[in-house]
Amino acid sequence: MSKPSFINFWQENGIGYIELNRPKVLNALNRQMVSEIVSALAEFDHNHDIRVILIKGSGRAFAAGADIDEMAHDTPVQLELLNQFAEWDRISLIKKPVIAAVHGFALGGGFELALSCDFIFAAENARFGFPEVNLGVMPGAGGTVRLTKAMGRTKALEWLCTGEQMEASAANHYGLITRLVPEELLFEEAERFAKKLAEKPPLSLRLIKDTVNKAVDANVYEAMQYERKNFYLLFASSDQKEGMEAFVEKRPAAFRGQ
Ligand code: CO8
């Protein structure tokens, strides 16, 4: 018998959609679900017809964290042997732009999933946080790292140590999200943004993402050398020729991702 699927995924107009689909438990991320999300991301990343990926929740949440029932009795040795984060790490290797459309709770692993995306569109009712401290643990899928890099040590420590939920307006204030939108417009606005990106030359988006990620960790000199190489590389693409010719000829460019 085939296992139940915990996500829906489909493609439309150059956008690959992933919908988290365990609404009864606020889309708590069990291991199979993480595996399905990562597989869908990888499939979309290799599909030439898809230019942008959009992840959303269902029911009243984006995702309220890892599935607590599933991990409650884990031992360190089981966790080491399971090596579940090897799968999780593949999210950072996705080359195409990934947008998270977040409504309701984005807690623990759910917040980590959103922070692993490139753009976060958040509804006004979105609530972000790392409540792991209240369970006697701490984030394990990049939460301490990504939050610290995004908002700085002092504020990250406060949110991580209190486990409190951050309102969407606060997340916006700290620069954690791309756009704060009314709840009823969340999907529409995230999709509008996805469509805008889908019209851009895919190789430029790919190398911009790659270069910005490099800039987060490397020193200025190293990051600028890296930027330069990627800038040169784009001159090998037919989209560079098309983009510049179209400008000169005063017509819209038709980018093909080559
Ligand atoms: N795991 C399992 N079940 C959950 C989870 C979860 N994380 N969150 C909610 N649920 C279930 C509830 O048990 C409940 O089930 P049932 O109806 O069978 O009782 C159902 O979802 C609805 O939840 P509530 O009735 O509690 O709804 P409320 O609106 O009262 O409260 C909250 C919503 C505040 C979100 C509350 O459900 C809550 O506190 N949930 C847990 C949040 C949390 O602690 N998250 C962190 C989990 S640990 C973690 O994420 C570690 C990450 C490590 C890496 C993971 C990579 C994937």
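For ligands, and for the atoms within them, numbers begin at 1 and follow the listed sequence. Not measured: the values here are computed from a predicted model.
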**Student:** Could you tell me whether atom 1 (N) of ligand 1 has a protein heavy atom closer than 4.0 Å?
**Tutor:** yes
**Student:** Within ligand 1, which atoms have a heavy atom of Val34 less than 4.0 Å away?
**Tutor:** 57 (C)
**Student:** Scan the protein's non-hydrogen atoms and note whether one is under 4.0 Å from atom 36 (C) of ligand 1.
**Tutor:** no
**Student:** Any idea which part of Leu107 is under 4.0 Å from ligand 1, heavy-atom wise: side chain, backbone, both or neither?
**Tutor:** side chain
**Student:** Quick one: look up the protein heavy atom nearest atom 20 (C) of ligand 1 and list residue, atom name and how far away it is.
**Tutor:** Lys24 O, 3.4 Å
**Student:** Which option wins on minimum heavy-atom distance to atom 27 (O) of ligand 1: Arg127, Arg22, Arg60, Arg31?
**Tutor:** Arg60
**Student:** Can you check whether a protein heavy atom sits less than 4.0 angstrom from atom 55 (C) of ligand 1?
**Tutor:** yes
**Student:** Does the cation-pi check pass for Lys56 over Phe187, that is, NZ or CZ under 6.0 Å from the six-membered ring centre and within 45° of its axis?
**Tutor:** yes
**Student:** For atom 18 (O) of ligand 1, is some protein heavy-atom partner under 4.0 Å away?
**Tutor:** no
**Student:** Rounded to the nearest 0.5 Å, what separates atom CG in Leu20 from atom CZ in Phe62?
**Tutor:** 5.5 Å
**Student:** Would Glu12 and Lys195 pass as an ion pair if we require N to O under 4.0 Å?
**Tutor:** no
**Student:** Check this for me: does any side-chain nitrogen of one of Arg51 and Asp239 sit under 4.0 Å from a carboxylate oxygen of the other?
**Tutor:** no
**Student:** Which protein non-hydrogen atom lies closest to atom 34 (C) of ligand 1, naming both residue and atom, and how far is it?
**Tutor:** Gln165 NE2, 3.9 Å
**Student:** Among all the protein's non-hydrogen atoms, which is closest to atom 43 (C) of ligand 1, and how far away is it?
**Tutor:** Pro131 CG, 3.4 Å
**Student:** List ligand 1 atoms under 4.0 Å from Phe85, heavy atoms only on the residue side.
**Tutor:** 54 (C)
**Student:** Which of the atoms of ligand 1 are close to Trp88, meaning less than 4.0 Å from one of its heavy atoms?
**Tutor:** 56 (C), 57 (C)
**Student:** May I ask you to decide if Phe255's main-chain N or O and Glu242's side chain share a donor-acceptor pair within less than 3.5 Å?
**Tutor:** no
**Student:** Quick check on atom 14 (C) of ligand 1 - does any protein heavy atom sit closer than 4.0 Å to it?
**Tutor:** no
**Student:** If I apply the N/O under 3.5 Å rule, does Ala66 come out as touching ligand 1?
**Tutor:** yes
**Student:** For the residue pair Glu183 / Asn125, report whether a side-chain donor-acceptor contact shorter than 3.5 Å exists.
**Tutor:** yes
**Student:** Which is it for Leu135 and ligand 1 at heavy atoms under 4.0 Å: side chain, backbone, both or neither?
**Tutor:** side chain
**Student:** Within a distance of under 4.0 Å, is there any protein heavy atom near atom 8 (N) of ligand 1?
**Tutor:** yes
**Student:** Who's the nearest protein heavy-atom neighbour of atom 23 (O) of ligand 1, and how far?
**Tutor:** Leu26 CD1, 3.7 Å
**Student:** Could you tell me whether the side chain of Arg127 reaches within less than 4.5 Å of the side chain of Glu167, counting heavy atoms only?
**Tutor:** yes
**Student:** Using a strict 4.0 Å cut-off to heavy atoms of Glu112, name the atoms of ligand 1 that fall inside it.
**Tutor:** 52 (C), 53 (C), 54 (C)
**Student:** State, to 0.1 Å, how close Ala61 and Asn27 come at their nearest heavy-atom pair, and which atoms those are.
**Tutor:** O-ND2, 3.0 Å
**Student:** Just heavy atoms, cut-off under 4.0 Å: does Ile68 contact ligand 1 by side chain, backbone, both, or neither?
**Tutor:** both
**Student:** Please give me the minimum heavy-atom distance between Leu176 and Met166, naming the atom from each residue.
**Tutor:** CD1-SD, 3.7 Å
**Student:** Please find the pair of heavy atoms, one from Lys209 and one from Lys95, that lie closest to each other, and give the distance.
**Tutor:** CD-O, 3.6 Å
**Student:** Search all heavy atoms of Ala215 against all heavy atoms of Ala223 and return the closest pair with its distance.
**Tutor:** CA-CB, 4.0 Å
**Student:** Ser35: what forms a side-chain contact (heavy atoms from CB on, under 4.5 Å) with it, not counting sequence neighbours?
**Tutor:** Glu87
**Student:** Taking both backbone and side-chain atoms of Leu29, is any N or O found less than 3.5 Å from an N or O belonging to ligand 1?
**Tutor:** no
**Student:** Would you mind telling me which of Leu180, Val181, Thr178 makes a side-chain contact (heavy atoms from CB on, under 4.5 Å) with Glu189?
**Tutor:** Val181
**Student:** Considering only the protein, which heavy-atom contact is closest to atom 51 (C) of ligand 1, and what is its distance?
**Tutor:** Glu132 OE2, 3.3 Å
**Student:** Checking side-chain contact (heavy atoms from CB on, under 4.5 Å) against Phe44, which of Leu54, Ile53, Val98 comes through?
**Tutor:** Ile53
**Student:** Heavy atoms only: which of Ala61, Ala64, Gly143, Gly110 lies closest to atom 42 (C) of ligand 1?
**Tutor:** Ala64
**Student:** What's the shortest distance from atom 21 (O) of ligand 1 to any protein heavy atom, and which residue and atom give it?
**Tutor:** Val25 CA, 3.2 Å
**Student:** Starting from atom 48 (S) of ligand 1, which protein heavy atom do you reach first, and at what distance in Å?
**Tutor:** Met71 CE, 3.4 Å
